[in-house]
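Written out below as structure tokens is the structure these notes cover.
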Amino acid sequence: METPVRIVLHGARGRMGRAILNVVDQHPGLQVTARVDQGDDLARALQQGDVLVDFSVPEATERMLSLCVDRRVPVVLGTTGHEEQVRRRIREAAGVIPIVWASNFSTGVNVLFWLTERAAQILGPDYDAEIVEMHHRHKQDAPSGTARTLAEILVSVRHALWERDVRFGRQGLVGPRRPGEIGVHALRGGDVVGDHTVIFAAPGERVELTHRASSRETFAHGALRAARWVRDRPPGLYDMRDVLGLRAPA
Ligand code: NAD
């Protein structure tokens, strides 16, 4: 029988941390052996685990990563909202340990990523692309990491430039839409777990691809699936499409 995967849960008292604790018993062979939150001793907790699962705050990522690199502990990284400097640090750390870094661990959203890539390839640049996301009133970062991933997919398919073509919101006398623009818009309110829509609009028609999450447990199941997957991987940067086998476009 496979040896159980021992998980160090970073951000254990948060909404996602609690969702993981609620569902981990449904994953045979996985156990949370250490719960870490602000003020706890992460270095010590890492002695009790094979994989670290992180849903905390972006400010905690650099320290968390250097401890995991020192101890060669693979990481499932769910926290979003990192500055470019921290994003660089994540890529560097993946040269030493395997990291599954995903803005969204739900299976459905990863299918949305795949569909967005295919739709953008098929429809081409004449269809105006806009991304709209909505989250609960407590969310700290905007736009969501998932909306950012959707924008990265569109930038890559269209050979666009992030700085020039991705446009976050519109206000004032902005004039007509520039060809090639990729609009990204963040709505906040209530207890919305996470909605994302990608719109492709042309004269005469539009295609809308929507995913709505109604429970954080969907992210928790995906993150635990990633924890099992990452334990025996070689160092490298992976995302949920690798875990689900959705990486290669058809
Ligand atoms: P939350 O605010 O409910 O929880 C964050 C937790 O981190 C809190 O318990 C807080 O005390 C803890 N924390 C703060 N500083 C810390 C530190 N230095 N060390 C350890 N823990 C610390 O937030 P949440 O809704 O659980 O979301 C957490 C993160 O996960 C956010 O960045 C969110 O955007 C992201 N998220 C990602 C996905 C995904 O699928 N990738 C899904 C949902 C949320």
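Positions are given from 1 along the sequence. As a basis for the values below, the full set of heavy atoms in this structure was taken, side chains included, without hydrogen atoms, waters or symmetry mates. Please read all numbers here as calculations on a predicted model, not as lab measurements. One-based numbering, in listed order, for ligands and for the atoms of each.
Going from atom CG of Asp195 over to atom OG1 of Thr146 covers 11.0 Å, rounded to the nearest 0.5 Å. The distance from atom CE of Met64 to atom CD of Glu59, rounded to the nearest 0.5 Å, is 12.0 Å.
Checked options Glu92, Glu152, Glu62; the residue passing with Arg87 is Glu152 (criterion: salt bridge (Lys or Arg N to Asp or Glu O under 4.0 Å)).
For the pair Gly81 and ligand 1, no heavy-atom separation below 4.0 Å is found. Residue-ligand proximity: Met64 is placed with every non-hydrogen atom at 4.0 Å or more from ligand 1.
Among all protein heavy atoms, the one lying closest to atom 10 (C) of ligand 1 is Asp37 OD1, 3.3 Å. Scanning all protein heavy atoms for the shortest distance to atom 32 (O) of ligand 1 gives Thr80 N, 3.0 Å. Counting only heavy atoms of the protein, atom 5 (C) of ligand 1 lies nearest to Ser56 O, 3.8 Å. Looking at atom 35 (C) of ligand 1, its nearest protein heavy atom turns out to be Gly78 O, 3.5 Å.
Atom numbering of ligand 1 starts at 1 in the shown order; those under 4.0 Å from a heavy atom of Thr79 are 30 (O), 32 (O). Listed by number with element, the atoms of ligand 1 under 4.0 angstrom from any heavy atom of Lys139 are 34 (O). Annotation for ligand 1: atoms under 4.0 Å from non-hydrogen atoms of Val57 are 14 (C), 15 (N), 16 (C).
Contacts between Ser106 and ligand 1, counted as non-hydrogen atom pairs separated by less than 4.0 Å, are absent for every part of the residue. In Pro58, neither the side chain nor the backbone holds a heavy atom less than 4.0 Å from any atom of ligand 1. For His10, every heavy-atom contact with ligand 1 shorter than 4.0 Å involves the side chain, none the backbone. Contacts between Glu59 and ligand 1 below 4.0 angstrom, taking non-hydrogen atoms only, are absent altogether. Using a 4.0 Å cut-off between heavy atoms, Phe219 contacts ligand 1 through its side chain alone, with no backbone atom that close.
On a distance-only criterion, Phe105 and ligand 1 share at least one N/O pair closer than 3.5 Å. Looking at Ala60 next to ligand 1, no N or O pair under 3.5 Å apart turns up.
In this structure a side-chain-to-backbone donor-acceptor pair under 3.5 Å is missing from Asp40 to Leu42. Thr210 places no side-chain N or O within donor-acceptor distance of the main-chain N or O of Thr197, the cut-off being under 3.5 Å. Put simply, the side chain of Asn110 gets close to the backbone of Asn104: a donor and an acceptor are under 3.5 Å apart.
Salt-bridge formation is not detected for the pair Glu133/Lys139: no Lys NZ or Arg NE/NH1/NH2 atom is positioned less than 4.0 Å from an Asp or Glu carboxylate oxygen.
Under the 3.5 Å distance criterion, with hydrogens and angles disregarded, a donor-acceptor pair is assigned to the side chains of Arg118 and Gln121.
A cation-pi contact links Arg233 to Trp229, judged by a cut-off of 6.0 Å to the six-membered ring centre and 45° from its axis.
Among Ser144, Ser103, Gly145, Gly14, the residue whose heavy atom lies nearest to atom 4 (O) of ligand 1 is Gly14. The nearest non-hydrogen atom to atom 23 (O) of ligand 1, considering only Arg15, Met16, Arg18, comes from Arg15.
The environment of CZ in Arg206 is sparse: at most 12 heavy-atom neighbours from other residues, nucleotides or ligands sit within 6.0 Å.
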